[in-house]
Amino acid sequence: MNPSTHAALHGPWQPSAPVRVRRDRPAVVVLAALLWAVTALSISWVGGLACVALLWTAAAGRPAAGPVLLLLLIPAGAAALTALARTSGVRAMAASTRMLFLGALACPVPAGLGVWSLVLTG
């Protein structure tokens with residue numbers, strides 16, 4: 001290959017511009033961590049309660065469609081959040097802002113189910 005081919009096609013070589021790294025804001029990071037902590041605790045509570053209900057239902061010899069469907073909502077929600085996180089608009093956000101946005105979307109349903117089941121079970 002001729003060494004001057006690149007210069008003839010693209011012009012002389014120039015170094016690329018430096019990459020600007022965005023700094024995370026501490027308040028956004030703390031809020032995102034709190035939202036994800038509430039989400040994780042709620043999902044573990046609801047999932048554990050559904051597992052206990054599934055165990056009791058199986059021990060009683062009845063069909064266990066309800067708890068199984070509830071347990072299948074967890075990976076379905078995770079898949080929906082993953083699909084949303086891979087869109088170009090969300091990927092363009094800073095990491096802390098993206099985690100806050102996804103945490104705000106992920107938190108209400110499991111937290112509501114967790115509070116509702118906690119009130120019902122005592």
Side-chain angles (χ1 to χ4, degrees):
M1 182 171 156
N2 187 355
S4 62
T5 303
H6 185 274
L9 291 174
H10 304 289
W13 178 81
Q14 295 178 352
S16 62
V19 177
R20 193 178 127 227
V21 178
R22 291 185 249 178
R23 292 209 167 264
D24 289 333
R25 295 175 295 203
V28 174
V29 172
V30 169
L31 283 174
L34 286 174
L35 277 175
W36 280 107
V38 168
T39 303
L41 286 172
S42 300
I43 287 175
S44 64
W45 169 258
V46 171
L49 195 61
C51 286
V52 168
L54 180 64
L55 180 68
W56 286 348
T57 304
R62 287 186 269 148
V68 170
L69 290 176
L70 182 63
L71 287 173
L72 287 177
L73 286 177
I74 295 171
L81 278 176
T82 302
L84 180 65
R86 294 187 182 273
T87 60
S88 60
V90 175
R91 289 186 75 177
M93 294 178 183
S96 59
T97 308
R98 179 175 45 230
M99 294 310 291
L100 179 63
F101 174 70
L102 292 173
L105 290 177
C107 187
V109 172
L113 280 174
V115 169
W116 178 68
S117 66
L118 191 63
V119 167
L120 285 180
T121 58

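Please read these numbers as outputs of a predicted model, since none were measured by experiment.
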*asked:* Can you confirm whether C51 sits close enough to L71 that some side-chain heavy atom of one is under 4.5 Å from a side-chain heavy atom of the other?
replied: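 Heavy-atom side-chain distance check passes, below 4.5 Å.
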Provide the closest heavy-atom pair for [X] versus [Y] in the form atom of the first, atom of the second, distance.
{"X": "C107", "Y": "V38", "answer": "SG-CG1, 3.7 Å"}
{"X": "S42", "Y": "A111", "answer": "OG-CA, 3.3 Å"}
{"X": "V90", "Y": "F101", "answer": "CG2-CE2, 3.9 Å"}
{"X": "R98", "Y": "M93", "answer": "NH1-O, 3.5 Å"}
{"X": "R86", "Y": "R91", "answer": "O-CD, 3.5 Å"}

*side chain to side chain contact (heavy atoms under 4.5 Å, CB included) with L34: which residues, sequence neighbours excluded?*
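Result, side chain to side chain contact (heavy atoms under 4.5 Å, CB included) vs L34: V30.
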*Going from CG on L113 to CG on L118, what distance comes out if it is rounded to the nearest 0.5 angstrom?*
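Separation between the atoms: 12.0 Å.
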Name the atoms and distances for all side-chain donor-acceptor pairs under 3.5 Å in residues 59-67, with sequence neighbours left out.
none

*Tracing side-chain links under 4.5 Å among I, L, V, M, F, W and Y, which residues wind up in one group with V28?*
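Members other than V28 - counting any ILVMFWY side chain reachable under 4.5 Å - are L31, L35, L100.
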*Other than V115, which residues form its hydrophobic cluster under the rule that side-chain heavy atoms must be closer than 4.5 Å?*
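Taking Ile, Leu, Val, Met, Phe, Trp and Tyr as members, V115 shares its hydrophobic cluster with V119.
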*Mind checking side-chain hydrogen bond (donor to acceptor under 3.5 Å, both in side chains) for S117 and listing every partner two or more places apart, or none if nothing turns up?*
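For S117 the side-chain hydrogen bond (donor to acceptor under 3.5 Å, both in side chains) partners, ignoring immediate neighbours, are W45.
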*asked:* Which residues pass the side-chain hydrogen bond (donor to acceptor under 3.5 Å, both in side chains) test with S96, not counting sequence neighbours?
replied: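 Once residues adjacent in sequence are excluded, the partners of S96 under the side-chain hydrogen bond (donor to acceptor under 3.5 Å, both in side chains) criterion are D24.
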Quick one: side chains of residues 72-85, donor-acceptor pairs under 3.5 Å with protein atoms, not counting sequence neighbours, listed by atom name and distance.
residue : atom : partner : partner atom : Å
T82     : OG1  : A78     : O            : 2.8

